[in-house]
Amino acid sequence: MKAKVLDKKRKARDVSSDSESDDELGNGLFDGVLSASEDEEDYIPSDQIEEDDSESENDGTEGSDEDEEDDDALLSDDIPSDDEELSKLEELEITEPGVDPKPKEVEEDERNYRIDKDANGNDRYVYDEIDPVYDSDDSDAQGPVNTIGNIPLSFYDTYPHIGYDINGKKIMRPATGDALQSLLDTIEVPKGWTGLTDINTGNPLNLTDEELEIVRRVQMGLAPDDLIDPYPDTVEWFTSKEEKMPLSAAPEPKRRFLPSKNEAKQIMKLVRAIREGRILPYKPPEEREREAEEQEEVHFDLWQDEEPQAPNPMHIPAPKLPPPGYEMSYNPPEEYLPTQEEREEWEKTDPEERTKEFLPTKYTSLRKVPAWGELVKERFERCMDLYLAPRVRKNRLNIDPNSLLPKLPSPSELKPFPTVVQTIFRGHEGTVRSVAIDPTGVALATGGSDGTVRVWELLTGRQVWSVTLSSDEPVYTVRWRPTKDAFILSAAVGEDIFLMVPTHSSVTPALDQTSRDVLAAGFGYATNGQQAAIPAGKEPAGKWARPGTKLEDEGVLVRITVRSTVKVINWHRRGDHFSTTSPEGQRSSVAIHTLSKHLTQIPFRKLHGIAQAAAFHPSKPIFFVATMRTIRCYDLQKLELIKIVQPGAKWISSIDIHPGGDNLIVGSYDRRLLWHDLDLSNRPYKTMRFHPKAIRAVKYHKGGLPLFADASDDGTLQIFHGKVPNDQLENPTIVPVKQLKGHKVVNQVGVVDIDWHPREPWCVSAGADGTARLWM
Amino acid sequence: MDEPMMDAQHGAQVKVTFTTTEPDLQLPESKRQLLVPADIKRYGLSRILNSESFLDTGSIPFDFLVNGSFLRSNIEDYLNNNGLSLESNLTLQYVRSLIPPTFEASFEHDDWVSAVDVLSRTSPAGRWSGDSFQGQDRILSASYDGLLRIWNASGDVLVTSPSGSHGGHTASMKSAKFLSSNQLASAGMDRTVRVWKYTEAANGSSAELKPTLELYGHTASIDSIDVDGASKRILTASADGSIGYWSAVKASGTEVDSSLLPGAHTSKRRKVTTSITTAQRGPISLMNIHNAPATAAIFDPRDRTVAYSASQDHTVKTIDLTTAQVVSTLPTSHPLLSLCAIPRSGAPLLAAGTAARHITLVDPRTSAAATSVMTLRGHTNKVVSLSANPDNEYSLVSGSHDGTCRIWDLRSVRPASKDEGGMGSVSEPVYVIERESRQGKKKTVAGEGTKVFGVVWDKSLGIVSGGEDKKVQINQGKDVVPQQ
């Protein structure tokens, strides 16, 4: 390091001396030298040079020209050159980067501001804008860059320069090492020469070896005195070692005085173990053994704490053994001693068969009585008996079964309803198949197996009219046309439906004539050709014709022949339409007849099952068709299926629609009577089984009384009170009020049909015993 | 004191006080109190009263009323049943004992007898005839074969009405009444009322019955007819719900609605051809006041311008005949099938037979507090005919489809039990007249074959009834109800 510093000083002196002589030349010379020394030596010390330069400037301001002259004078040979060198260095520093020094001089001459007058008349300095020209004095500016490009430097070996800078000026080849060395060699430097002057003496300042050493050490950044050990051993003033006397003033942590949970847990574990006897205090083994032996001998008395209990009602004491009798005595009386036969017989019988377990035996004294060998067995059996016999009183529910039944009003509160038979209508031979009370409530029509239709005076039971419709086929059903303006009765016999005016004496000629006109109107309709044209070759569903003079004289005026035996007739409320049902007819089992047009239509191309009954809704254009298991409701206007009611019966026998239209009763051959609320569900609201035999007919009272009845093959009628409340939220009340007995059962058939009086709580039943009965 | 029964067994004796309402049988004041054995019965008490020391009447049978009901068993039982001690003083009201309505005769018919009427000196018709009636008692019967028959008391048919082809009824008859000794009216299911002239031979062995008038107007069977012989007016009730008011005098009749006449419409049915033409008249007024079949219409016994009608629509209506207006409507709770007026001082009491097997007594006066006065229970079938006792104001006979006629005493009443509706008072029959034709055989169900359709209680002839057994039955009717 010391050598380096010296090298530089020499260099600087050389440069300054050269540059003074001739710019052009000096440049050219130094250029080549510098370029030869290359970047390493040229650039790294530049900072140092600058520092030196700043120092030297300060020196320069302090010192004066006279001093310089003095210095020159003082320094014999070399010292003035040193000063000179410094000033050269100053210059060098400016010129060194290869920048033209002229601009600096220009800058010094020209101020970079001008003075204006501001608004107040004061001076204002307006500085020029800094022109960021390429060679402006920014510190980032590079030194002269050789622009020769990417060609080997050897191309310039023959030239003094080594290339061109960016301004096209030649970059001179720096001085080579050989030239410097030869220069330096010419200079002899005394030992310890520093080139400095001692201020105190004025003599050249020479440094001794020690001093040089100190300088070197300082330069090395070491301590000047080598006594000082820069790396002494570490003294550990604070160590990890715990001192015996802790001097910490930290407050005591909480854990020091809070009981430890973990320890408590551990202790509790032990305590528990001790309590449960898992940890036992130590005992010597022999003592332990002795204790174990003692324990084995302990017998617990399970009942020692038992207290005599008061006999509670559920306690059944064990039966006592009978007290011993005379025969058990060791010395029984003579009559208890078995005879020889008895003894033999006893011995012969199997021990299990014996009535007595022992034979009475006589001993002369008690001490001669031997031990009883069966004792253990006997005791065991006794214990077994007691164990196996469940001596537990059964806890019977003490509930009155009637109280579990729903609260229904008493039948006596639901009067009136029919209670007894009041009129018996006799006349039919064989079963009365059907009954119907006319809309005025005066006449009763019956149809029977004898093929006759009879009309009776309702109250007296007087027959007022009759006609024989068939000699061999029964009249299955008779129904009145449900209007009072005419007096028309319909009856079904086999495949024929007859419409008749049963004119007896109390029918006025006018009413009779009206009825006849109603029936005859359709004939005119048919002949006028207004009837729907029936395709040729196709048989009409029903043939409407006059039944012949003999019947016409009796009042039977129209005969409709359909394809199969008609069993059920139901009229529409207006009396113009009626439906017939013939279960045997396949496709044509349900037919709707129009009286005014003498027209028969078959509404269903296909039926799901065997039709049993069909009925019209009492107020809406709805048609109900009951097959064996289901009831289908059809809208007659829209011609669509509305609802399928499924009563759950296996074979529906009859249906009836409540006059309100929202409820339906269904009777079935499987003994059930089902009430349907059509708004509520497709399933029955109530299922009733009051009859041991099939139900043949069901009927609502149509005159405003909340009554309905069914007729069964067991020969009875069951009358029900069935009130449909006006409030939609309430359910109908259904109370069975009366069973009407009276009809005799003939050939398993009891009551076949039933009808209600249009106003009064009277009903009429048709029985297989050949009678119709009026109940009221 | 003569005390034939005083040496009684147990010595238990009851103090009784005899009273009576009959003036001719009054006991002297001193003899009214008596100690009698506790087990004494009606017969013994009757003998005591008949004995010389008391009334000395010989053998008048007496009945004894205790607190309004007849003494049926002995006194001790009565006391026990009523929770009275033997020490209590018992008041016995003695009345002449009743004679059971014994059977007297029955007249055979060809068909059911629907109605009967009696012509006698004491019957209304006899009274209306006045002095002109000199003959014997006659019985009129209307039958379901459409014929009227007139019998004398010995059971001979004096005359039978002509059949339908000869001016008679063309269908079953429902009702017939004597207007006077020589005029009668009948009606039936042929919707017509016919007025007949009845002439009898001087010796009373034969008679003639000639139709004089046919009255048309009803459009359904006529179930009941009532007549007023004095004014020759007829009242009918028909199943068409209307009440007809007719005149039996040809001259005062009105024009007939021709549509109601037979043959008004030509139809192919069998036509009844009549060889005899009779005058045809319409009603004085036809009141369509019931909305169900009207079943009976009667004149007020005192005021012949007032009528009462009963109907199956549960109402009894009071009609002013001069204006043909309904004056008042009395609702009852059951369909009514028959009606009779029991004359009383003031307005009559109306007895209405119902389809519900009882008789309702209603007071038609508008001032009456309770319209339903009493209910007579006992019949087991519809009560279709009623007749008041001509002798007094508190008894009547009813004919029912159960095959019995029952005699009721309105004085013997008790409060209705809860089963009977708990309202009003209830009476039970005094006597039950069975049909003789049954000859003691077992009772039929619902009176089948023995239904009674008509009954009349006459003072002289007794109780005359006709029914389904095709017989007119006459029962003794005197003194069956205790006199007051």
Side-chain angles (χ1 to χ4, degrees), chain A residues 412 415-416 418-426 440-443 457-465 484 487 501-517 520 546 549 551-557 703 741-744 757-762 771 773-776, chain B residues 112 114 144 146 164 169-172 174 188-191 218-223 238-241 257 259-270 272 291-293 295 312-314 333-335 337 355-357 380-382 384 401-402 418-419 421 444-449 451 453 468:
Chain A
S412 61
K415 281 176 180 175
T419 50
V420 286
V421 62
Q422 299 283 255
T423 311
I424 300 173
F425 304 87
R426 279 187 206 276
T440 60
V442 173
E457 200 181 28
L458 182 67
L459 289 180
T460 56
R462 177 82 183 180
Q463 181 184 318
V464 293
W465 188 83
K484 290 182 186 175
F487 194 66
V501 182
T503 301
H504 54 89
S505 51
S506 53
V507 176
T508 58
L511 182 62
D512 176 52
Q513 194 55 44
T514 320
S515 310
R516 283 162 188 273
D517 291 346
R546 295 181 198 278
T549 27
L551 281 174
E552 277 179 63
D553 281 349
E554 302 280 347
V556 183
L557 297 172
K741 292 178 190 165
H743 281 290
K744 289 188 185 69
H757 189 273
R759 292 183 307 272
E760 301 297 336
W762 303 343
T771 63
R773 284 164 196 252
L774 169 67
W775 309 81
M776 55 203 276
Chain B
W112 301 2
S114 57
Y144 266 84
H169 279 285
T170 55
S172 301
K174 281 297 193 75
M189 289 172 74
D190 59 357
R191 312 178 310 281
H218 283 299
T219 58
S221 165
I222 298 170
D223 286 342
S238 163
D240 60 6
D257 177 8
S259 70
L260 294 167
L261 297 178
H265 297 271
T266 49
S267 63
K268 282 184 179 173
R269 76 194 165 99
R270 286 165 298 174
V272 180
N291 45 28
T295 48
Q312 284 187 35
D313 64 4
H314 305 196
S333 50
H334 295 283
L337 300 178
R357 300 172 282 282
T380 58
N381 209 332
K382 302 171 284 275
V384 292
H401 281 183
D402 62 2
K418 205 174 179 197
D419 292 344
T444 52
V445 176
E448 203 191 0
K451 290 188 192 92
F453 293 131
E468 200 184 2

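Numbers restart at 1 for each chain; the letters A, B, ... are given by sequence-line order, proteins then strands. These numbers were taken from a predicted model, which means no experiment stands behind them.
Heavy atoms closer than 4.5 Å to chain A are found nowhere in Ser238(B), neither backbone nor side chain. If you measure heavy-atom distances from Phe453(B) to chain A, the contacts under 4.5 Å come from the side chain alone. For chain B, the nearby part of Leu774(A) is the side chain; its heavy atoms alone come within less than 4.5 Å. Residue Arg773(A) touches chain B through its side chain alone, counting heavy-atom pairs closer than 4.5 Å. Proximity to chain B (any heavy atom under 4.5 Å) is restricted, for Val464(A), to the side chain, taken from C-beta onward. For Thr460(A), the parts sitting under 4.5 Å from any heavy atom of chain B are the backbone and the side chain alike. Residue Ala292(B) touches chain A through both its backbone and its side chain, counting heavy-atom pairs closer than 4.5 Å. Heavy atoms closer than 4.5 Å to chain A are found nowhere in Ile222(B), neither backbone nor side chain. For His218(B), the part lying near chain A is the backbone, with the side chain staying farther off; criterion is any non-hydrogen pair under 4.5 Å. For Thr423(A), the parts lying under 4.5 angstrom from a heavy atom of chain B are both the backbone and the side chain. For a residue to count as touching a neighbouring chain, one of its non-hydrogen atoms must lie under 4.5 Å from one of that chain's; by this rule Val421(A) touches chain B with backbone and side chain alike.
For the atom pair NZ (Lys382(B)) and CE (Met776(A)), the distance works out to 5.0 Å, reported to the nearest 0.5 Å. Within the model, atoms CG of Asp223(B) and CG of Leu459(A) stand 8.0 Å from one another, a figure rounded to the nearest 0.5 Å.
When the side-chain hydrogen bond (donor to acceptor under 3.5 Å, both in side chains) test is applied to Arg426(A), the partners found at least two apart in sequence or on another chain are Glu448(B).
Checking side-chain atoms of Glu760(A) against main-chain N and O of Asp313(B) turns up no donor-acceptor pair under 3.5 Å.
Across Gly241(B), Ala356(B), Gly449(B), Ser221(B), the residue that shares the most heavy-atom pairs under 4.5 angstrom with chain A is Ser221(B).
The two residues Gln422(A) and Lys451(B) have their closest heavy-atom pair at O-CE, 4.3 Å. When every heavy atom of Pro335(B) is checked against every heavy atom of Trp762(A), the shortest pair comes out as CG-CZ2, 3.5 Å.
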Decide yes or no on side-chain contact (heavy atoms from CB on, under 4.5 Å) for Val445(B) and Ile424(A), but give the supporting numbers first.
-> CA-CA 8 Å; Val445(B) 176; Ile424(A) 300 173; 4.1 Å; yes

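Side chain to side chain, Thr419(A) and Arg357(B) meet the donor-acceptor criterion of an N or O pair below 3.5 Å.
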